[in-house]
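Every number for a ligand or one of its atoms is a count from 1 in the order of the listing.
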Amino acid sequence: MKINGSTLTCGLIGNPVEHTLSPVIHNYLAEIENRNLVYVPFQVENNRIKEAVEGAYALNIHGLNITVPYKSAVIPCLAEMDRLAENIGAVNTLVRTQKGYKGFNTDMPGLFRAMETENYTIKGESIILLGAGGAARAVAMLCMEQEAKEIFILNRSVEKAMAVAEEVNGIYKENRIIPMALSDYRKLLDRKYLAIQATSVGLSPNVEDVVISEEAFYDKIETAVDLIYNPYETRFMSMVKAHGGRAMNGLKMLLYQGIIAYELWNDVKISEKTAKEILIRMKEELKIHE
Ligand code: ATR
């Protein structure tokens, strides 16, 4: 890589940032596209997000990703918001404009593109969504946008599932989201559902944990996505597979959220061939050997 007076800088703002895979995605893309761009992590402490965003703009930073804990806190620092990001209430990508940065959410479009590459369909499907936190709320929004038939939100605290359902149904002026307690899965028809696991349960090092451990639940699942990618196969995914279903993890979501951010920053379209090459690099970085 040759850095000179015209090198554009992009980066990631968060805390912590040292385990991020985003530099692998963006620096590789810049390299193969022969683009004079570098991507670096910026650790921002003590809620200094406003100063960080203003400083980045003043320094002519070309584009930014935002991660924990600033995905919502960054919103008041922006000149403009994309509609989906506004509905979700979380921003992970800033695109430079004349007035300041515009906020986007590429996590959900990233999940959608990842699912497409695995031939998963949302449109017209009956979906079981596990969880009612920030991630699950965003997935609920994606399912509404992509015209799922119905979305059953199953959560440990049913009040939180009810709150998410009310809010998201309200935004879309429809009632396709149905909140339930975890044990209510028994009330679901014996149909084959698409299940999306959007809790932190099963994340390394707690790899034996799973939100629902009853075998009967897994008989109802045809296809599944776990947003977790560490471990590479969660217990949830293994149980789905053991009952004849198909399961994918969240690594491709991470890949495509990065690719979509890069596409927004540089006004390009990245090919599937390139996406596959980056995925290989990400797996190398994570020391995953399939
Ligand atoms: P995020 O922003 O990543 O979604 P979050 O807002 O803290 O994180 O949400 C975590 C989700 O994981 C919630 O749905 C939570 O269930 P509760 O709302 O009942 O807390 C779920 N979760 C976390 N630990 C869990 C556990 N041991 N069993 C079941 N659900 C769990």
Side-chain angles (χ1 to χ4, degrees), residues 12-17 19-22 47 49 65-75 84-93 103 105-112 114 127-144 151-169 171 177-186 188 195-218 220-221 224-231 234-240 249-254 257:
L12 170 70
I13 286 180
N15 189 17
V17 289
H19 298 298
T20 175
L21 283 174
S22 291
N47 296 316
I49 184 66
N65 283 136
I66 307 291
T67 188
V68 179
Y70 299 121
K71 286 188 178 189
S72 297
V74 73
I75 294 174
L84 179 66
E86 198 162 338
N87 282 349
I88 293 173
V91 161
N92 78 320
T93 300
N105 184 301
T106 71
D107 287 327
M108 287 308 111
L111 172 61
F112 183 63
I127 297 175
I128 296 175
L129 174 55
L130 295 177
R137 192 177 161 283
V139 172
M141 217 75 83
L142 173 71
C143 295
M144 288 297 252
I151 304 127
F152 299 97
I153 298 196
L154 275 60
N155 196 49
R156 180 178 57 182
S157 353
V158 71
E159 324 78 63
K160 268 169 96 181
M162 287 164 79
V164 170
E166 192 179 331
E167 199 197 343
V168 181
N169 279 331
I171 289 174
I177 303 193
I178 302 113
M180 288 181 160
L182 292 178
S183 58
D184 283 348
Y185 81 81
R186 298 187 194 99
L188 295 173
I196 305 179
Q197 201 301 108
T199 77
S200 47
V201 179
L203 186 64
S204 179
N206 304 311
V207 299
E208 291 303 321
D209 292 355
V210 66
V211 175
I212 298 176
S213 55
E214 289 160 44
E215 301 282 341
F217 173 63
Y218 295 89
K220 296 182 190 269
I221 300 175
V225 186
D226 198 325
L227 300 196
I228 293 172
Y229 60 85
N230 177 24
T234 59
R235 173 138 182 251
F236 170 75
M237 290 168 63
S238 323
M239 290 186 79
V240 169
N249 67 20
L251 191 64
K252 278 192 168 179
M253 169 180 166
L254 181 67
Q257 67 72 33

Is the backbone N or O of Gly89 less than 3.5 Å from a side-chain atom of Ser72, with the two atoms forming a donor-acceptor pair by type?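 Yes.
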Considering only non-hydrogen protein atoms, determine which one is nearest to atom 15 (C) of ligand 1 and report residue, atom name and distance to 0.1 Å. Asn155 OD1, 4.0 Å
Ala132 heavy atoms within 4.0 Å reach ligand 1 at atoms 14 (O)
Between the main-chain N or O of Asn92 and the side-chain N or O of Asn65, is there a donor-acceptor pair closer than 3.5 Å?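 The answer is yes, because a donor-acceptor pair under 3.5 Å joins these two groups.
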Output yes when a protein non-hydrogen atom is found under 4.0 Å of atom 7 (O) of ligand 1, and no otherwise. no
From CD1 (Ile151) to CD1 (Ile177), nearest 0.5 Å: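 Between atom CD1 of Ile151 and atom CD1 of Ile177 there are 4.5 Å.
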Between Lys71, Arg137, Arg156, flag the one that comes closest to atom 28 (N) of ligand 1 by a heavy atom.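 Ranked by closest heavy atom to atom 28 (N) of ligand 1, first place is Arg156.
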Is there a nitrogen or oxygen of Thr199 sitting under 3.5 Å from a nitrogen or oxygen of ligand 1?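 No, there is no polar N/O contact under 3.5 Å.
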Using a 4.0 Å cutoff against the non-hydrogen atoms of Lys160, which atoms of ligand 1 qualify? 17 (P), 18 (O), 20 (O)
Are any of the N/O atoms in Leu182 less than 3.5 Å from those in ligand 1?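 There is no such contact.
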With a cut-off of 4.0 Å, which atoms of ligand 1 are near a heavy atom of Gly131?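 In order of numbering, the contacting atoms are 14 (O).
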Of all the heavy-atom pairs spanning Ser204 and Pro231, show the shortest one and how long it is.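 That closest heavy-atom pairing would be N-CD, 3.7 Å.
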Should Ala136 be counted as touching ligand 1, given the test is an N or O pair under 3.5 Å? no
Spell out, as yes or no, whether a donor-acceptor pair under 3.5 Å connects the side chain of Tyr70 to the backbone of Asn15.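 Checked: no pair found.
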How far is atom 31 (C) of ligand 1 from its nearest protein heavy atom, and which residue and atom is that?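 Scanning the protein heavy atoms, the shortest distance from atom 31 (C) of ligand 1 goes to Val201 CG2, 3.5 Å.
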What residue and atom, counting heavy atoms only, is the protein's closest point to atom 9 (O) of ligand 1, and at what distance? Gly133 CA, 3.4 Å
Shortest non-hydrogen separation from Phe236 to Val225 and the atoms involved: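 Closest pair (atom of Phe236, atom of Val225, distance): CE2-O, 4.0 Å.
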So does Leu254 get a backbone contact from the side chain of Gln257, meaning a donor-acceptor N/O pair under 3.5 Å?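 Present.
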Within the structure, does Gly134 bring an N/O atom to less than 3.5 angstrom of an N/O atom in ligand 1?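 In this structure, Gly134 places an N or O atom under 3.5 Å from an N or O of ligand 1.
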Ignoring hydrogens and angles, tell me if any N or O in the side chain of Ser238 forms a donor-acceptor pair with the backbone of Thr234 under 3.5 Å.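 Yes, because the side chain of Ser238 sits within donor-acceptor range (under 3.5 Å) of the backbone of Thr234.
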Taking Lys160's backbone N and O only, do any of them form a donor-acceptor pair with Asn155's side chain (distance below 3.5 Å, no angle check)? no
For atom 19 (O) of ligand 1, find the nearest protein heavy atom and state the residue, atom name and distance (0.1 Å precision).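 It is Ser157 OG, 2.3 Å.
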Tell me: protein heavy atom nearest atom 3 (O) of ligand 1, and distance? Ala135 CB, 4.2 Å
